[in-house]
There are 2 protein chains.
Amino acid sequence: MNISKELAKGSTAMLVLSVLSKENLYGYQIIRTVANLSDDVFQMNEGTLYPILHSLEKNGMLESYWSEASETVRRRKYYRITEKGLKELAKQNKEWKEYSTAVSKVLGGAAHVTA
Amino acid sequence: MNISKELAKGSTAMLVLSVLSKENLYGYQIIRTVANLSDDVFQMNEGTLYPILHSLEKNGMLESYWSEASETVRRRKYYRITEKGLKELAKQNKEWKEYSTAVSKVLGGAAHVTA
DNA sequence: TATCTATGCCTCGAGTATCTATGTATAATA
DNA sequence: TATTATACATAGATACTCGAGGCATAGATA
């Protein structure tokens, strides 16, 4: 991460599940995808991502499979979201909405919406 | 806290600074004010708040003073935000906007705005 | 040729934030 | 009398992320 570090805690797994809900990706690619989508606001460290991926797989949210290496492309470990993972994503998405709405209210109206 | 716990990490100090930027409050009152403003989404524990208040005071963001006890009201420790605290609040406010905007983008558009 | 950068997987110790539990004390309520 | 609300505070446990490091290969650069 980069921005304010502590702010991002707790949302990283949701971001990972979110990008995997659109397509199967491998670890390194997840980092770049999240960075691109967020205009480089989120720059995840590998030391952050890999433990999260392992944890999500262990808990049945993700499944992984290795791609075959070719002459130009080495082996990559792809992740696929499961039904359980999709449900978890929906739940976290809902919590995120509640949370961000609540923060806006405390900050005084639609503070983070304007400007 | 209550909601998703981990999501709230990093934003608590900002919420405290925010309510104190409007009026001076004592600890117990801060908990109730934040709960009210957020429609009970944020239910801070005392064990969370007091260390944050001490830390913010130590870092010059807040100043404190004791109210005199009367027959009906006991002593309360009030907190007042400093100039430095106001600047810090503005900074964190900006970071919050960047962060929440980035999350929305990764989640796929204005996910947390709609519905 | 040697070194650096990018890719791609991984682990571990440290730091930080919050939680739960606990402690102290008083006043009001059931 | 016992519980709840008020009001301050600390301490140990837990959870998430970071920074640093390790391993390996390919391509670019010096």
Side-chain angles (χ1 to χ4, degrees), chain A residues 1-17 24-36 41-59 62 64-79 92 95 99, chain B residues 1-17 24-36 41-59 61-62 64-79 92 95 99 103:
Chain A
M1 289 302 160
N2 166 0
I3 183 166
S4 172
K5 293 183 185 177
E6 297 306 328
L7 263 187
K9 282 191 181 172
S11 63
T12 310
M14 175 177 66
L15 300 179
V16 170
L17 288 174
N24 297 354
L25 301 167
Y26 56 94
Y28 209 80
Q29 200 176 14
I30 292 173
I31 291 175
R32 286 178 304 177
T33 300
V34 171
N36 286 340
V41 169
F42 295 127
Q43 291 170 15
M44 297 172 57
N45 293 307
E46 297 175 55
T48 301
L49 177 64
Y50 288 115
I52 285 176
L53 287 173
H54 301 158
S55 167
L56 287 172
E57 183 173 22
K58 188 180 164 196
N59 292 318
L62 301 178
S64 66
Y65 56 95
W66 285 92
S67 70
E68 287 306 307
S70 73
E71 281 164 28
T72 53
V73 179
R74 83 201 68 188
R75 271 158 66 80
R76 291 162 174 165
K77 196 176 183 182
Y78 278 85
Y79 287 89
Q92 292 197 13
E95 284 184 348
Y99 166 68
Chain B
M1 289 300 160
N2 164 359
I3 183 165
S4 171
K5 293 184 184 178
E6 297 306 328
L7 263 188
K9 284 190 181 174
S11 63
T12 310
M14 174 178 66
L15 300 180
V16 170
L17 289 173
N24 297 353
L25 301 167
Y26 56 93
Y28 209 80
Q29 201 176 12
I30 291 172
I31 291 175
R32 285 179 303 176
T33 301
V34 170
N36 286 340
V41 169
F42 295 127
Q43 291 170 15
M44 297 172 56
N45 292 308
E46 296 174 57
T48 300
L49 177 65
Y50 290 115
I52 286 176
L53 287 173
H54 301 160
S55 167
L56 288 172
E57 183 173 21
K58 187 181 163 194
N59 292 318
M61 309 297 176
L62 302 179
S64 65
Y65 57 94
W66 285 93
S67 70
E68 287 305 308
S70 72
E71 281 164 30
T72 54
V73 179
R74 83 200 69 189
R75 272 158 67 80
R76 291 162 173 165
K77 197 177 183 181
Y78 279 85
Y79 288 89
Q92 292 197 16
E95 284 184 348
Y99 165 69
V103 170

Mind grabbing the angle between the end helix axes of the helix from C:dT1-D:dA30 to C:dA30-D:dT1? Five pairs an end, 10° rounding. 0°
Which label fits A:Y78 and A:Y65: parallel for a plane angle under 30°, tilted from 30 to 60°, or perpendicular past 60°?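 Ring orientation, 0 to 90° scale: parallel.
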Separation of D:dC18 C1' from A:I52 CD1 (nearest whole Å): 12 Å
Euclidean distance, atom CD1 of residue B:I31 to atom C1' of D:dA5 [Å, nearest integer]: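 Going from CD1 in B:I31 over to C1' in D:dA5 covers 12 Å.
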Taking only N and O in the side chain of [X], is any of them less than 4.0 Å away from OP1 or OP2 of [N]?
X	N	result
A:Y50	C:dC10	no
A:T12	D:dT17	yes
A:H54	C:dC9	no
A:Y26	C:dC9	no
B:R32	D:dT6	yes
B:N45	C:dT20	yes

Would you list the protein and nucleotides 14-16 of chain C atom pairs, both N or O, that sit under 3.5 Å from each other?
residue, atom, partner, partner atom, Å
C:dT16, O2, A:K9, NZ, 3.3

Contact class for B:Q29 (heavy atom, under 4.0 Å): base, sugar-phosphate, or nothing? nothing
Contact class for A:G27 vs. all strands (heavy atom < 4.0 Å): base, sugar-phosphate, or nothing?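 Sugar-phosphate contact only.
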Taking the side chain as every heavy atom from C-beta outward, state whether B:V34 and B:L49 have any pair of such atoms under 4.5 Å apart.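 No; the side chains remain at least 4.5 Å from each other.
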side-chain contact (heavy atoms from CB on, under 4.5 Å) evaluation trace for A:L15 with A:M44: CA-CA 11 Å; A:L15 300 179; A:M44 297 172 57; 5.7 Å; no
